[in-house]
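Each ligand, and each atom within it, is numbered from 1 in the order the structure gives.
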Amino acid sequence: MQKKPWRRWFTYSKINLEKNRIVNTKGREKPIRKSLHLKGIAAAPGIAMGQAFVLEKSPLQIPQYWIPVKELNSEIQRFQESILKINEDFLRIKERLCKYEGQAQIHILESYGMILQDELLVQNTIDHIKSEHINAEWALQKTLTRIKSVFSNFEESYFRERQSDIDYIGQKIIEHLVVGNTQEPMSNLPLNSILVAQDLSPAETSELHKYRIKGFVTEVGGETSHTAIVSRAMHLPAVLGCKQITQKIKNGETLILDGEAGIVILHPGPEELAHYQSLQKESVQADKKLLKQIHLPTETLDHFRLHLLANIELVEEIDSLKMQGAEGIGLFRTEFLFLNRAQAPSEEEQFQIYKKVVESVYPLPATIRTLDIGADKIPTQHKYKSEPNPALGLRAIRFCLKEKTLFKAQLRALLRASVFGRLKVMLPMISSLSEVAQVKKLLEEIKEELSAKKIDYDPHLPLGVMVETPSAVILAREIAREVDFLSIGTNDLIQYSLAVDRINEGVAHLYKPLHPTVLRLMKMTVQAAQEAHIPVGVCGEMASSPWYILILLGLGFSQLSMNALSIPRVKGMIRALSFREAKAVFEHALTFEYEQDLESFVRKELKRLVDVDALKISRI
Ligand code: PEP
Ligand code: MG
């Protein structure tokens with residue numbers, strides 16, 4: 001009797017992907033059916049198998065042409081129909097929001113409706129069509145440029161915000177006129193597909209949960225880019241930096257995405273599919289085992305105690321924190337509240353969110369980071385101008401100290417929320433003491449304002465600084481005297497100290513967490529914090545990677561914060577190691593001059609000290 005095909009696949013026990021050969025249980029080898037293996041950057045763990053959906057994103061070309069006199073009326077009608085259609089869309093969204101969301105979003109939609117009827121926008125565009133005989137898109141563009149020049153003369157942020165609304169609405173009308181509808185490019189995404197895109201911004205990635213995809217792969221990006229960070233937060237397997245993948249695969253074709261090894265397999269054969277199915281099963285089993293330990297303390301064999309906390313980007317993540325054994329929130333990236341929307345959230349909206357965050361983890365602490373906008377996290381609000389070198393530009397604390405109204409609203413919301421739990425506030429991308437001093441002064445001013453209005457706040461709200469720039473390390477002693485805690489943001493510290501762009505896959509091979517420079521900078525920071533008797537932790541991606549835990553443990557950090565999903569494995573590792581040995585490994589690691597030697601030493605030591613298979617790290 002002929003064996004069923006699936007039975008045949010499962011009798012193969014081993015696959016050698018490098019040689020593209022399969023070995024069955026009797027030791028016989030044969031080549032794997034022709035498939036294409038592409039190596040990318042392992043961005044978020046997990047295996048996904050399914051059909052590709054290739055995202056086409058071409059920039060909108062705005063046409064400009066003349067309209068014959070006898071067609072002017074129908075051109076005006078085309079413009080008015082677009083306005084009606086967009087208004088209908090907003091009304092539909094508003095109806096939906098009324099059921100779930102707060103007043104703030106509904107007010108925004110109402111203000112959009114008013115703009116769509118605004119004389120300045122509508123009548124001016126019609127006048128341009130009539131008098132200059134031009135098409136609606138061109139006429140609208142002229143109107144928008146004129147409004148912009150009028151509004152740019154106003155200093156008040158109120159007018160600048162109205163300007164951003166008008167830009168947004170104008171863009172929507174133009175899109176509708178050009179492509180006939182305003183559908184999102186991803187709205188046709190079939191359920192359970194694997195998204196293939198040239199690039200995805202962190203903002204777009206944070207919206208992916210809406211489409212119920214299995215994973216995604218892009219052509220650009222680095223391991224510590226925010227796109228990668230968000231995919232881990234959403235438990236979405238992802239591979240980034242996979243060259244030319246959008247040209248190599250078509251919609252509907254099958255692919256396997258291995259987010260742990262950073263491999264994408266196009267047109268896999270049945271053997272490969274079976275192999276990955278069994279890997280998926282093994283991974284689920286290993287996860288179950290690790291989850292059984294989450295209630296145990298995070299301490300080494302020789303009883304050195306550490307605290308493992310979670311990094312979050314989206315409020316929805318909070319529910320899963322306890323399940324993974326998080327001892328609080330070590331980093332809430334608040335900038336994600338500002339992305340994917342036309343207007344910044346108000347103080348009240350932020351207050352409600354921060355309150356919810358601190359209350360839901362209480363009595364555990366919640367560290368909320370002030371707005372770290374800029375670089376790869378650009379909100380849609382128009383006032384964030386594009387910069388020639390965004391990573392070194394008006395990012396994070398620099399932006400906040402310039403946009404004081406916006407920053408004060410966030411600080412006020414944080415102070416108000418501080419009485420509802422154990423809130424700590426953390427400042428990103430500090431590079432000088434004066435930045436810390438300016439924030440402290442602002443906080444004092446706001447405290448006085450709140451006291452005058454008899455609004456409660458925690459007068460001793462802990463304030464911490466992220467050590468992410470070489471300058472912050474060099475000034476760490478002085479900074480440590482001014483604040484209550486330090487947290488090393490290794491993602492940026494590596495980027496800025498090695499001068500390697502963290503989101504550029506072209507230099508990803510130079511982005512080395514285990515670099516002698518990085519080790520020395522971390523050691524200096526730990527020493528500064530210890531001298532000032534304040535706690536110091538790590539909240540960059542290094543804290544979640546099993547290969548670096550040995551070194552971080554040896555450095556003596558009291559707290560590590562990471563994506564929640566990584567906590568069980570990191571806990572498993574720490575419980576399998578001894579602090580004494582980790583310290584010895586770290587001391588020896590400091591003697592290496594070449595990063596390659598340092599890296600292989602650390603890997604060798606880890607393999608000697610822990611069971612890499614049990615901890616699911618043999619494939620990384
Ligand atoms: C970091 O830089 O390590 C960090 C935690 O901040 P972000 O990744 O948001 O820049
Ligand atoms: Mg950072």
Answer yes or no: is there a donor N or O on one side and an acceptor on the other, between the side chain of Ser231 and the main chain of Ala228, under 3.5 Å? yes
Surrounding CZ of Arg477 (heavy atoms of other residues, nucleotides or ligands, distance under 6.0 Å), is the total greater than 12? no
Please give me the protein atoms (N, O or S only) lying under 2.8 Å from the Mg ion (ligand 2), ordered by chain and number. Glu468 OE2, Asp492 OD2
Would you compute the distance between atom CE of Met426 and atom CZ of Phe332 and round it to the nearest 0.5 angstrom? 12.0 Å
Is there side-chain contact between Leu55 and Leu200, with heavy atoms separated by less than 4.5 Å? yes
Glu599 vs Gln596, test: side chain to side chain contact (heavy atoms under 4.5 Å, CB included). Steps then yes/no. CA-CA 5 Å; Glu599 206 169 290; Gln596 299 87 337; 5.8 Å; no
Before giving the answer on side chain to side chain contact (heavy atoms under 4.5 Å, CB included), spell out for Thr224 and Ile494 the whole-Å C-alpha distance, their side-chain angles and the decisive distance to 0.1 Å. CA-CA 10 Å; Thr224 61; Ile494 297 166; over 6 Å; no
Side chains of Glu531 and Gln527: donor-acceptor distance under 3.5 Å anywhere? no
When you check the side-chain N and O atoms of Gln410 and Thr334, is any donor under 3.5 Å from an acceptor? yes
Contact set, ligand 1, heavy-atom distance under 4.0 Å, ordered by chain/number, equals His226, Ile229, Leu331, Arg333, Arg369, Asp372, Lys377, Arg395, Met466, Glu468, Gly489, Thr490, Asn491, Asp492, Arg502, Cys539, Gly540
Are Ser432 and Ser434 linked by a side-chain donor-acceptor pair shorter than 3.5 Å? yes
